[in-house]
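The block underneath contains the structure these notes are about, expressed in structure tokens.
Here the structure is a predicted model, which is why all the values come from computation and not from measurement.
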Amino acid sequence: MKVLVIATPSVLQQTLCHWFEGRERAYRVVEPEHVQSLGGSDLDGHVVVDLATLEGLQRGTDLILSGEGRHHLIELVEASGCPFVQLSDGRVFDGDEAPINHRESDSVQPGSVAGARLSAVEHLLERHVPSHVILRTGPVFSNQSDNFFVKLFRRLLDGGDIALNSQLKTCPTHVTDLARVISGLIDQLTCGANNWGVYHYNSSGPTSAYEFAEVMLAFASQQLDLGQKATNLTVQEAGVRIEPAVPVLRCEKILHDFGIKQLPWRSFLPQPIKLLCENHSL
């Protein structure tokens, strides 16, 4: 079965397609503005994956896929009966101030604009597409220039005092880890797995911006001489935090149904840090 990926050019889209190529799985990438030109035959023998919605709402509050485009796509999926994988994140719970790890069965309670829009997209899929998987994740980090990870790296290299929040916990998830999970889901769905509905995946190890920056600084110090920068991390409630602020998700269900295990975000830091350091040295 082939994959139809709805996405703008991005590190996540490139990483996922790299996974498909490694699995010798055929795919086609369609940018959101071209969705309305799709016809029923374009979905025959395909799994549809929407990356665009999550990527737009992790960068801001805009839905990259228009309402008209989304409804057109849903109508095509309804008619074809093909599986649909929708990326979302844990901000569908960000109106709940209780410090708990949310399960898939918890009632959504969005408190932000992005959370409300993700919730609305999920409900639309649940109403119209029986063969769907909604995959909620955490804040996705990558070497894309507008990502919080790159912004924090640049701030570390600027040196001086950096105030960071140490109270708000989240589970940052690298694009490689998320792409691994999406590819694994599709492998099993195309082999007949009848597991539909909502699933959670974020990398393991809830962390704050302060703890995350400590680890980043340690890895960067192995690549660059930062002694003269006098970088000093300080704790401050109003300081920098990991963006977007996504509640921590419990991930037992995806392990039980698909056998997909959580991997720690720390294990994905060395390579992107190394690339950022090499680019900084050029």
Side-chain angles (χ1 to χ4, degrees), residues 1-21 25-89 91-92 110 112-129 131-137 139-148 150-151 173 175-176 178-179 181-183 185-186 189 243-244 246:
M1 188 171 280
K2 301 176 183 179
V3 185
L4 182 67
V5 183
I6 310 300
T8 55
S10 68
V11 175
L12 176 57
Q13 175 254 307
Q14 293 165 3
T15 305
L16 180 60
C17 292
H18 180 72
W19 272 90
F20 292 153
E21 290 163 6
R25 183 172 297 283
Y27 67 87
R28 174 188 176 191
V29 178
V30 175
E31 295 192 32
E33 59 266 31
H34 299 140
V35 165
Q36 286 183 271
S37 65
L38 292 172
S41 61
D42 292 308
L43 274 64
D44 289 344
H46 282 74
V47 178
V48 178
V49 181
D50 175 14
L51 303 183
T53 296
L54 176 68
E55 291 206 286
L57 290 175
Q58 288 231 334
R59 290 198 297 267
T61 58
D62 293 332
L63 284 169
I64 296 178
L65 181 57
S66 69
E68 294 83 359
R70 189 177 307 282
H71 284 282
H72 177 68
L73 182 62
I74 293 294
E75 288 175 357
L76 292 178
V77 171
E78 276 189 288
S80 70
C82 67
F84 195 120
V85 178
Q86 176 67 58
L87 273 288
S88 185
D89 72 36
R91 283 175 296 172
V92 295
S112 63
V113 172
R117 288 180 173 171
L118 287 167
S119 178
V121 169
E122 289 185 8
H123 288 321
L124 182 66
L125 205 65
E126 289 169 337
R127 288 196 303 270
H128 296 283
V129 181
S131 300
H132 72 265
V133 170
I134 295 168
L135 180 62
R136 296 177 183 145
T137 189
V140 180
F141 70 97
S142 72
N143 286 36
Q144 194 156 312
S145 61
D146 58 352
N147 191 265
F148 80 89
V150 176
K151 294 176 182 178
T173 303
V175 287
T176 301
L178 183 57
V181 173
I182 298 169
S183 179
L185 286 174
I186 291 173
L189 293 175
E243 296 288 353
V246 180

Rounded distance [0.5 Å steps], CD in Gln36 versus CG in Leu65: 8.5 Å
Asp50 CG to Arg70 CZ distance, which is reported to the nearest 0.5 Å: 5.5 Å
Test item: Gln58 side-chain N/O and Val140 main-chain N/O as donor-acceptor pair under 3.5 Å: yes
Beyond-backbone contact of Val121 with Leu63, side-chain heavy atoms, under 4.5 angstrom: yes
Taking atom NE2 as the centre, does His128 end up with more than 12 heavy-atom neighbours from other residues, nucleotides or ligands that are less than 6.0 angstrom away? yes
What's the spacing between Leu76 CG and Leu4 CG if we round to 0.5 Å? 9.5 Å
How many angstroms lie between atom OG of Ser142 and atom CG of Leu178, to the nearest 0.5 angstrom? 11.0 Å
Side chain proximity check, Thr53 to Ser88, heavy atoms < 4.5 angstrom: no
Is the shortest side-chain N to carboxylate O distance from Arg136 to Glu122 below 4.0 Å? yes
With rounding to the nearest 0.5 angstrom, report the CG to OG1 distance, Asp89 to Thr173. 10.0 Å
Can you see which heavy atom on Ser37 is nearest to which on His34, and at what distance? OG-O, 2.6 Å
Working to the nearest 0.5 Å, report the span between CD of Gln14 and CD of Gln144. 8.0 Å
